[in-house]
Amino acid sequence: MRLFISELIESIRIALEQLRAHKMRAGLTTLGVVIGIVAVTLMGVAINGINIGFQNSMNMLGSDIFYVEKQSWVGEDEWWQIKDRPDIKADYAEQLNTIFANTTDSTLALAVPSLQRGGNVKYEGNEVNRVWITGTTDKYVLTNTASYTEGRFFTEAEVNSSAMVCIIGFDVAKELFPGISPIGKKVRIRKATFEIIGVFARQGSFLGLFSFDNQAVVPITAMAKISSRHWGAEVRVKKQPWASMDEARDELTGAMRRVRGLMPGIEDDFAINETKSFEEELGPIKSGIAIAGIFITGLSLFVGAIGIMNITFVSVKERTREIGTRRALGARKRSILMQFLVEAVSVCMLGGVIGLCLTLAIKFGLAYVVPNFPLEMSPFLIFIAILVAMFTGVVSGFAPALTAARLDPATALRHE
């Protein structure tokens, strides 16, 4: 064992000397490995980022919440199937709650209405455009995971009295009230004036498409004072903690059919959405990224391995007399094999390190360009990159190293 360690250390020393002596050759040889490592690590960073962003978004939506809407989130319905569907109404929530209360051992706990539309929020000379405005009830907090940096949510009494109060998102507060507390301040939302009673903590964006921090929530009874029309409506339904999503979904489907007055045999004219539908849609995207990444990685590493194998064969040819001298002085075949194998692995490891550095640089660049997209460079990904580089070195260097180890000492000494 001590002899093996001694030979390994000597092989590493010789490999480093060769890298220093042939810097340009080593650098060019590593290009294929560099591209392969960049490909595999960027693929991992992208998939990790998608997973983190998706999980954060799903946590915001709630894994135990159903969204009753006119159409499906993932586009399962054709336009002609939904164009004549009746709109979802806010009073469906009250009807559903009555059905839940009268159902023995109901798997559904609560229904909450939600109306949405867009608008601008103004405070003195400042204005935030394209704010997502939601009108709902005090029970909204039971279907929402957001916390508050300041203030509170509105109460049942404030909903019943059509109080002109609102809770604003983190970005809205930051833009309108830099350095001061928004609580108690009055803002203009479209046509009406509202008093701010709460500020949501930073939540981020939904899959990079919609920011939860650019919103304002008002009592549903005060929504009519903003506008007589709204863009969309939904009913959020929370299941019981002990119930499964499939059981709760079946019960909710039946309850909604009663609310809509649908007779047996008539198709549903509504959609029940949940986070599971996004998870099913995300699978093919991740698979596509992985397949593309593996193809690019494999092709790059194959080209890199061929280049390293070729250079190692050239190195063996150039140092044939050196090999013969070492063999004549008692060096074992194992030592010669290890020497050239370590050199090949060293070149690949150099490419791996350069590839990881390039990936980190690209990651920081992307983080600056798209700050809302989470990018994660995990230690496991770094380990995989190093392992791939090492494996490439072993595969590409084994044949030349074995050729060097099998050289006849006498023949090698006569080589010119």
Would you indicate whether the side-chain heavy atoms of [Y] and [X] approach each other to under 4.5 Å?
{"X": "Arg85", "Y": "Phe270", "result": "no"}
{"X": "Pro182", "Y": "Leu176", "result": "no"}
{"X": "Asn214", "Y": "Trp132", "result": "no"}
{"X": "Val33", "Y": "Ile354", "result": "no"}
{"X": "Phe177", "Y": "Val187", "result": "yes"}
{"X": "Asn126", "Y": "Glu124", "result": "no"}
{"X": "Leu142", "Y": "Val112", "result": "no"}
{"X": "Thr155", "Y": "Asp138", "result": "no"}

Distance from [X] atom [atom1] to [Y] atom [atom2], nearest 0.5 Å?
{"X": "Glu175", "Y": "Asn129", "atom1": "CD", "atom2": "CG", "result": "10.0 Å"}
{"X": "Met256", "Y": "Gln95", "atom1": "CE", "atom2": "CD", "result": "9.0 Å"}
{"X": "Gln215", "Y": "Phe170", "atom1": "CD", "atom2": "CZ", "result": "13.5 Å"}
{"X": "Thr392", "Y": "Met349", "atom1": "OG1", "atom2": "CE", "result": "10.5 Å"}
{"X": "Leu252", "Y": "Glu247", "atom1": "CG", "atom2": "CD", "result": "13.5 Å"}
{"X": "Ile167", "Y": "Ile183", "atom1": "CD1", "atom2": "CD1", "result": "9.0 Å"}

Taking every non-hydrogen atom, the tightest pair across [X] and [Y]:
{"X": "Leu341", "Y": "Gly397", "value": "CD1-C, 3.6 Å"}
{"X": "Ala111", "Y": "Ala93", "value": "CB-O, 3.7 Å"}
{"X": "Val345", "Y": "Gly393", "value": "CG2-C, 3.8 Å"}
{"X": "Ile189", "Y": "Ala216", "value": "CD1-CB, 4.3 Å"}
{"X": "Leu356", "Y": "Ala385", "value": "CD2-CB, 3.7 Å"}
{"X": "Leu96", "Y": "Ala255", "value": "CD2-CB, 3.7 Å"}

Can you tell me if [X] uses its side chain to pair, donor with acceptor, with the backbone of [Y] under 3.5 Å?
{"X": "Arg257", "Y": "Ile266", "answer": "yes"}
{"X": "Asn120", "Y": "Arg130", "answer": "yes"}
{"X": "Asp171", "Y": "Phe212", "answer": "no"}
{"X": "Asn97", "Y": "Leu110", "answer": "no"}
{"X": "Thr98", "Y": "Glu94", "answer": "yes"}
{"X": "Arg260", "Y": "Pro86", "answer": "yes"}
{"X": "Thr136", "Y": "Ile220", "answer": "no"}

In terms of heavy-atom contacts, does [atom1] of [X] have more than 12 from other residues, nucleotides or ligands at under 6.0 Å?
{"X": "Asp91", "atom1": "CG", "answer": "yes"}
{"X": "Lys185", "atom1": "NZ", "answer": "yes"}
{"X": "Arg258", "atom1": "CZ", "answer": "no"}

- List the steps and the verdict of side chain to side chain contact (heavy atoms under 4.5 Å, CB included) for Val217 and Phe154. CA-CA 9 Å; Val217 180; Phe154 44 75; 4.0 Å; yes
- Option among Lys239, Arg236, Arg249, Lys238 that satisfies the salt bridge (charged side-chain N to carboxylate O under 4.0 Å, His left out) test with Asp64: Lys238
- Task: State, without any angle test, whether Thr107 and Glu251 hold a side-chain donor-acceptor pair at a distance under 3.5 Å.
- Result: yes
- Query: When Thr359 is tested against each of Val38, Val34, Leu381 for side chain to side chain contact (heavy atoms under 4.5 Å, CB included), which residue passes?
  - Reply: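 When side chain to side chain contact (heavy atoms under 4.5 Å, CB included) is applied between Thr359 and each of Val38, Val34, Leu381, only Val38 qualifies.
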- Ile196 and Tyr123: side chain to side chain contact (heavy atoms under 4.5 Å, CB included), yes or no, with the steps? CA-CA 11 Å; Ile196 298 173; Tyr123 176 73; over 6 Å; no
- Run the numbers on Phe194 and Val218 for side chain to side chain contact (heavy atoms under 4.5 Å, CB included), then give the verdict. CA-CA 9 Å; Phe194 287 80; Val218 303; 3.8 Å; yes
- Task: For side chain to side chain contact (heavy atoms under 4.5 Å, CB included), just list the numbers for Phe100 and Val237, CA-CA rounded to whole Å, side-chain angles, deciding distance to a tenth of an Å, and then say yes or no.
- Result: CA-CA 11 Å; Phe100 302 160; Val237 180; 3.9 Å; yes
- Query: Relative to the ring of Phe153, is the ring of Tyr140 parallel (under 30°), tilted (30 to 60°) or perpendicular (over 60°)?
  - Reply: parallel
